[in-house]
Amino acid sequence: MKIDELYALLRRRGVLWPTAEIYGGLQGLYDYGPLGAALKRNVENAWSAWFLGLSPDYHRIEPAEFLPEATVRASGHLENFTDTEVTCESCGASFRADTLLEKIRPEGIDGLSASDVAALVRTSGAKCPSCGSSSLKLPRAFNMMLGVGLGVAGGEKAYLQPETAQASYLAFARMWDVGRRALPLGIGVIGRAYRNEIAPRQVLFRMRAFTQAELQVFFDPAGFPVPFATVAAEPLPVLRASARESGATEAETRRASELVAAGIPEFYVYHLAQMFRFLRDVLGYPAERLRFLEKSEKERAFYNRIQFDAEARIDSLGGFREVGAVHYRGDYDLTRHAAGSGRELAVTPTGGATFVPHVLELTFGVDRNVWALADLHLARDGERTVWKLPAFLAPIEVGVLPLIGKEHGAFAEALTATLLGRGLAARYDEAGSIGRRYARMDEAGTPFCVTVDGGTVGDGPEHGTVTLRLRDSRAQERVPAEALPARLEAAVRPPRPAVP
RNA sequence: GCGGGCAUAGUGUAGUCUGGUUAUCACAUAGGCUUGCCAAGCCUAUAACCCGGGUUCAAAUCCCGGUGCCCGCACCA
C-alpha cells in the first residue's frame, strides 16, 4: 500500500493519529489508539522475551528519561548533534558544511562548534556550488536535543534523552555492584527518546518522540563466549561495505560461520543472527525483505568499530529502511563517562586484570517496527483487508461473535468474560452480519474468531461447542468452549530463543 | 530548513480553472425490518469545505499568511 493509504487505514481503525489532531497536529508527534497501543506493547514484550531471553545475565532496567547536562557533554551529544547545513540565500539550495569545506578541510568538521564552522566557511570564501553566489546563510548552533530547565529558576540544565543507550551506560556501575560482578552483562532499556528533528517525515519513521528498545552488552574484549554453534549455519542476507564500494546494491546470503571466517568476531555475528531470527521468526518479516547493510568506516559514527543496520524493504516507504542495528562500540562510552563523572568504570574480575568493558549495542526502533508490521502484514486480499499479524502481537486475540445477537448474545458475552478472565484479549461484537464482523476482525489483525450459534445453546450433540475460525486460512472447526483458553494461550505467548 | 505539489463528513471523492440554490457520490458508522457462518438487501439517521485575514453584494471556489501532509534535497534511529 502507499503511505497515505496505509496511514488513512491506521487512523480510521484507531491505531494511531497525530498528536493534538483537533488543533491541526504537530509535526513528528503521534498518539497510539487502543489497537496501536496494544500492538506496541506486544512488540515490546516480544522484544523483551527474545533479547533478554538470550542470557540470564541480560537484564532490563527502566531509567528516567532526563539526562543531566554533564552526561551529554561527556557522551558528545552536546557538541556533535549540530546542524551543519549551509543555505544559499540567492538560489535557495542547501549543502552540508563538510561537503562545502572538503577542499580546505578534508578531515571533516566533527567536533567543531557551529560558530567554528561558520567562521571557516566565511574565511574560505566558499561560493554556492549551484549558482556561484557568495551570499551563504551560515550554520547556526542547533542542537537536536530538547533541553529543559529543572527547578524553580530552571537553573539545573538537563536534556530529554536523545537515545536510550546513555541510560544503560550510566547504570553500568550500579549494575556491576548489584549483580554478579561478572561479564558479559546486558542492560536493556525500552524507553522514549526525544529529538528536535528539523524535518520529521513518514509518520512513524521520523518522529520527535519515539520508543527505542536497546540492549547494551558489556563484555571483556579478551573473551566474549557465545553459543555460536547454534547460529553457525544461519543464512544471513548481508550487503558488505566492501561490496557496496565496488558497486553492489543487492544483499548476498552468507552463513554466520562464513562471516566469522571473513574476520567478524563470533560474539558479533551471533547477535546479528539473533537479530535476524527475531525479525524473521518472531515479527514474521519475510526473509527476502530483510538485509543487513554494513556501514563503511566513513558512514558510521567514529566510535563504532562494526555496524550492520537491519533493514526491511517497506513498500509504503519506497524501499529498504532501517528497523534495527548492531553496533560494536568498543570502550568509547564507559571511557567517556569515566572521564566525565570522575568515577572509575574499569573493572577487575576476581583474579584478572583491570580493563574498561567493551559494548555491543543491539538497537531496535519500536515505532518503526509497528509501521513495518502494518506495511508487511496488512494487505488487500480481494475484497478482504487482512492484517496477518503473528498471533502474539495481535491487539485483539480473539473475537467472540454470536451468530444471532438476540439468541446467542448472552452465551457469547459470558464466554467473552471467561476468556478475558483467563488473560486473553477477547472482544465481543454483535453488530452487522457475521461476514462483516469477520472482516472487521481480519482488518484489526485478530487471529481467532469464535462464533456462538444455535448448536452451542441447543440441547443437541453440539451443545457447548463453538466454531473456531482462523483468520489466515478462514478454516473453521468445532471446539468445546471450555477448551478455548488452553487452545489459544500457547498461540499468544511470544517465542523465546532456543539457547543452551 | 530549502524547492515542488496537495488540504471537502470516519475513509475515498465531485464541485475550485470560469465566485452565485439545501455542497455530489460511494463505502464506513448508528437504529429498524429481513437474513442467519464470511463486507447480502430495504428504510432511516449521524456526519465535511484545515486555521486566520483580505477582495466582493456574495468565497469551498480568488488573494495573503499560518498549520498539516506527500515527493525531492539535506538530516536521521
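Below, chains carry the letters A, B, ... as their sequence lines are ordered, and counting in each starts from 1. All values reported here derive from a predicted model rather than from experimental measurement.
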Write down the distance separating the C1' atoms in B:U29 and B:C73, rounded off to the nearest Å. 42 Å
Near RNA chain B, counting only heavy atoms under 4.0 Å, which residues of residues 314-330 of chain A show up? A:E322
Students often mix this up, so state it plainly: with edges at 30° and 60°, are the rings of A:F292 and A:F308 parallel, tilted or perpendicular? perpendicular
Side-chain H-bond candidate by donor/acceptor type, A:Y30 with A:D367, under 3.5 Å: no
Atom pair distance, as rounded to whole Å: CZ in A:R206 and P in B:G72: 12 Å
Run the side-chain donor-acceptor check on residues 442-455 of chain A: report pairs under 3.5 Å with partners two or more places apart or on a different chain.
from: A:D442; atom 1: OD1; to: A:R469; atom 2: NH1; distance (Å): 2.7
from: A:D442; atom 1: OD2; to: A:R384; atom 2: NH1; distance (Å): 2.7
from: A:D442; atom 1: OD2; to: A:R469; atom 2: NH2; distance (Å): 3.1
from: A:E443; atom 1: OE1; to: A:R13; atom 2: NH1; distance (Å): 2.8
from: A:E443; atom 1: OE2; to: A:R12; atom 2: NH2; distance (Å): 3.3
from: A:T446; atom 1: OG1; to: A:M441; atom 2: O; distance (Å): 3.4
from: A:T451; atom 1: OG1; to: A:Y438; atom 2: OH; distance (Å): 2.7
from: A:D453; atom 1: OD1; to: A:G455; atom 2: N; distance (Å): 3.0
from: A:D453; atom 1: OD1; to: A:T456; atom 2: N; distance (Å): 3.1
from: A:D453; atom 1: OD1; to: A:T456; atom 2: OG1; distance (Å): 3.1
from: A:D453; atom 1: OD1; to: A:R478; atom 2: NH2; distance (Å): 2.9
from: A:D453; atom 1: OD2; to: A:R478; atom 2: NH1; distance (Å): 2.8

If I pick the C1' atom on B:A40 and the same atom on B:A58, what distance separates them, to the nearest angstrom? 47 Å
If we take the P atom in both B:U61 and B:U55, what is their distance in whole Å? 15 Å
Spacing of the P atoms in B:U56 and B:G5 (rounded, Å): 28 Å
Of all the nucleotides listed (B:G12, B:C76, B:C37), which has the minimum atom distance to the side chain of A:R195? B:C76
Using atom C1' of each nucleotide, how far apart are B:A74 and B:C57 to the nearest Å? 50 Å
Distance-minimising heavy-atom pair for A:R291 and A:A251: CB-CB, 3.9 Å
Interatomic distance, A:I404 CD1 vs B:U35 C1' [rounded to whole Å]: 9 Å
Please give the distance between the C1' atoms of B:A26 and B:G4 as a whole number of Å. 32 Å
Below 4.0 angstrom, N of the basic side chain to O of the carboxylate: do A:D315 and A:R289 qualify? yes
Interatomic distance, A:Y438 OH vs B:C38 P [rounded to whole Å]: 8 Å
Establish, yes or no, whether a centroid distance under 6.0 Å links the rings of A:F51 and A:Y58. no
Is there a side-chain polar atom (N or O) of A:S433 under 4.0 Å from OP1 or OP2 of B:A40? yes
Which value, in whole Å, describes the distance between the P atoms of nucleotides B:G19 and B:G32? 48 Å
A:Y169 and A:H337 aromatic ring geometry - parallel, tilted or perpendicular at 30°/60° bounds: tilted
Do A:F278 and A:F364 have ring centres separated by under 6.0 Å? yes
Minimum side-chain heavy-atom gap A:P237-A:F276 below 4.5 Å: yes
Just call it for A:D309: base, sugar-phosphate, or nothing, with non-hydrogen atoms closer than 4.0 Å on any strand. nothing
Below 4.0 angstrom, N of the basic side chain to O of the carboxylate: do A:E197 and A:R206 qualify? yes
Between A:G435 and A:P402, which is nearer to the 5' end of RNA chain B once each is assigned its nearest nucleotide? A:P402
Listed partners of A:F66 passing ring pair (Phe, Tyr, Trp, His ring centres under 6.0 Å), at least two apart: none
Rounded to whole Å, please give me the gap between CG in A:N196 and P in B:C76. 14 Å
Would you tell me whether A:K40 and A:T211 have side-chain atoms, one donor and one acceptor, within less than 3.5 Å of each other? yes
How is A:L403 classified with respect to the nucleic acid when contacts are heavy atoms under 4.0 Å: base, sugar-phosphate, or nothing? base
Look at the aromatic rings of A:H377 and A:Y285 and report parallel, tilted or perpendicular, splitting at 30° and 60°. tilted
Taking the ring of A:F267 and the ring of A:Y328, is the distance between their centroids below 6.0 Å? yes
Could you run through nucleotides 24-34 of chain B and give me one letter per nucleotide, 5' to 3': B if any protein heavy atom sits under 4.0 Å from the base, S if only the sugar-phosphate is that close, - if neither? ----SS-----
Which part of the nucleic acid does A:T363 contact within heavy-atom distance under 4.0 Å: base, sugar-phosphate only, or nothing? nothing
Are the ring centres of A:Y332 and A:F302 closer than 6.0 Å? yes
Check whether any side-chain heavy atom of A:F205 sits under 4.5 Å from a side-chain heavy atom of A:P200, and report yes or no. no
A:E197 (side chain) and B:C76 (base): donor-acceptor pair under 3.5 Å: no
On a whole-Å scale, what distance lies between the P atoms belonging to B:U8 and B:C49? 11 Å
Can you tell me the distance, in whole Å, between the CD atom of A:E311 and the P atom of B:A77? 13 Å
Base-paired stretches in RNA chain B with three or more consecutive Watson-Crick or G-U pairs, both distances under 3.5 Å, amount to B:1-7 with B:67-73, B:10-12 with B:25-27, B:29-33 with B:41-45, B:50-54 with B:62-66
Rounded interatomic separation in angstrom, taking CG from A:L401 and C1' from B:G36: 13 Å
If I take atom CZ in residue A:R368 and atom C1' in nucleotide B:A77, what distance separates them, rounded to the nearest angstrom? 5 Å
Specify the separation, in whole Å, of atom CD of A:Q166 and atom C1' of B:A77. 14 Å
Polar atom pairs (N or O), protein with nucleotides 65-70 of chain B, under 3.5 Å:
from: B:G68; atom 1: OP2; to: A:Q27; atom 2: NE2; distance (Å): 3.4
from: B:G68; atom 1: O4'; to: A:G24; atom 2: O; distance (Å): 3.4

Would you classify A:T385 as touching base, sugar-phosphate or nothing, given that sugar-phosphate means primed atoms plus P, OP1 and OP2, and contacts are heavy atoms under 4.0 Å? base
